[in-house]
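Worksheet: the structure to be examined is printed underneath.
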Amino acid sequence: MDFLRRCWAEIDLDSIKYNCEQYKKYLGDSTELMCVVKASCYGHSDRLCTPFLQNELGIKWFAVSNINEAERLRNCGITGEILILGYTPAEYADDLVKFNIIQACTEYDHAKRLSENCKTGKVRIHAAIDTGMTRIGLEGGAEECCDTLEKISMLDGVSLEGIFTHYAVADETSGESEEYTKSQTEKILKVDDLLKAKGINLPQVHFLNSAGGIYYYNSRSTLARLGIILYGLYPNPAKSLPFEPKPALEFKSAISQIKYIEPGTTVSYGRTFKAEKRIKLATVTAGYADGYPRSLSNKGEVIIRGKRCKITGRICMDQFMCDVTDVPDAAVDDEVILIGGEGENRITADDIAAMTGTIGYEVICDISHRVPRIPKQK
Ligand SMILES: *Cc1c(COP(=O)(O)O)cnc(C)c1O
């Protein structure tokens, strides 16, 4: 079946290229880019974006959340290094070897089990160090981490190639957050120093995420794990960046029906919207099953023919209605912009996040699998 013009996302690879090139300017020569492409490139489609990142932009490092995502990348033709940032049960040790994937190691026991389960070679690992995120990684002080890493380095079935950590508040503005981030950096660098003193020189030591690479750049991070900025969003919209990232995704839909309703008429489930005057109403073919938040009911806006239109009544699973009284030309099959647009008439993922009480990251990741991703139509 051909592309159904119902509800879709247009991905602009030129914007991804722009964001990548701008970001690179803030990194020193000792730091390579690792593109974080988990959750299918934050909803932008791994199939569409990762071959472009590798073949057009020359990216050699990729990070995903789990082994299924890693295997998908190999099937997309990705030959570069792939790091799994999250946990993989030890029973998959041989799959990690087979696909030549680097695994984050969460603790000594994880390394030991990976080692014991691996029958076909050595599982390549980067050990996570918990420096303050309290999510995954080796616990304790720098000395204790160093001792554990030394033990890990002696296991037969794993090959320790790096250590990494993750910032908790690199995108925040308070002085306390700044201190916290600096202490996280200090800890991982101390671990690295202690390892070096023992003669263990790891090729990779990394701790920069999108925000970290800009606000806390440190040349000792061999990789910068670029996620959100690659896709054109701010790590924190309240904190400025030295360049304006270009959002790479537009979320669009179409009008399926136009009608005029009289005062007193109610719209959608629960009858939460009641017309106070005669209204020109459009029905749009997108809903919460497409990842358009239901909490935008009676609250959100969309753009039709360059004009902002208010959502009327509750958003349904597959459809919603909006007020197009001020768009006299609005007609069936017109394009409806849910996220995107230009200038004054632009709705960003961060705008939607602000209205729905979340972050831009979640808004783009929530666009569902039902929504086809296509290259931007130029
Ligand atoms: C998701 C993630 C990143 C990317 O974070 P951004 O804020 O999107 O740049 C980097 N490192 C780890 C460990 C992650 O989980």
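In each ligand, atom 1 is the first atom listed, and ligand 1 is the first ligand listed. Predicted model, so just to flag it, every value in this text is computed and none were measured.
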Fill in: Minimum heavy-atom distance Ile214-Ile229, with the two atoms named
CG1-CD1, 4.2 Å
Worksheet entry | Donor-acceptor pair between Ser368 and Asp290 side chains, under 3.5 angstrom | no
Discussion item. Test your reading of the structure: does Asn209 have an N or O sitting under 3.5 Å from an N or O of ligand 1?
Written reply: no
Discussion item. Using a 4.0 Å cutoff against the non-hydrogen atoms of Arg135, which atoms of ligand 1 qualify?
Written reply: 13 (C), 15 (O)
Worksheet item: Please state which protein non-hydrogen atom is closest to atom 7 (O) of ligand 1 and give its distance, to 0.1 Å?
Response: Tyr361 OH, 2.6 Å
Worksheet item: Is a side-chain donor or acceptor of Gln103 paired with a backbone partner of Val123 at a separation under 3.5 angstrom?
Response: no
Practice prompt. Report yes or no: is the cationic atom of Lys239 (NZ for Lys, CZ for Arg) under 6.0 Å from the centre of the six-membered ring of Tyr215, at an angle within 45° of the ring normal?
Written response: yes
Worksheet, complete the sentence: Quick look: Ile228 vs ligand 1, heavy-atom contacts under 4.0 Å, and the answer is both
Item to complete: May I ask which of Met133, Lys38, Arg225 has a heavy atom nearer to atom 14 (C) of ligand 1 than the others do?
Response: Lys38
Practice prompt. Anything under 30° is parallel, anything over 60° is perpendicular, the rest tilted; go ahead and classify His126 against Phe164.
Written response: tilted
Discussion item. Check the orientation of Tyr87 and His110. Use parallel for under 30°, tilted for 30 to 60°, and perpendicular for over 60°.
Written reply: tilted
Worksheet item: Does some non-hydrogen atom of His206 fall short of 4.0 Å from ligand 1?
Response: no
Worksheet item: So is Lys17 actually on top of Phe52's ring, under 6.0 Å and inside 45° of the axis?
Response: no
Discussion item. Within ligand 1, which atoms have a heavy atom of Ser210 less than 4.0 Å away?
Written reply: 6 (P), 9 (O)
Discussion item. Using a 3.5 Å cut-off on N or O atoms only, is Phe164 in polar contact with ligand 1?
Written reply: no
Worksheet item: Which protein non-hydrogen atom lies closest to atom 13 (C) of ligand 1, naming both residue and atom, and how far is it?
Response: His166 ND1, 3.5 Å
Worksheet, complete the sentence: So the atoms of ligand 1 within less than 4.0 Å of a heavy atom of Tyr42 turn out to be 1 (C), 4 (C), 5 (O), 6 (P), 8 (O)
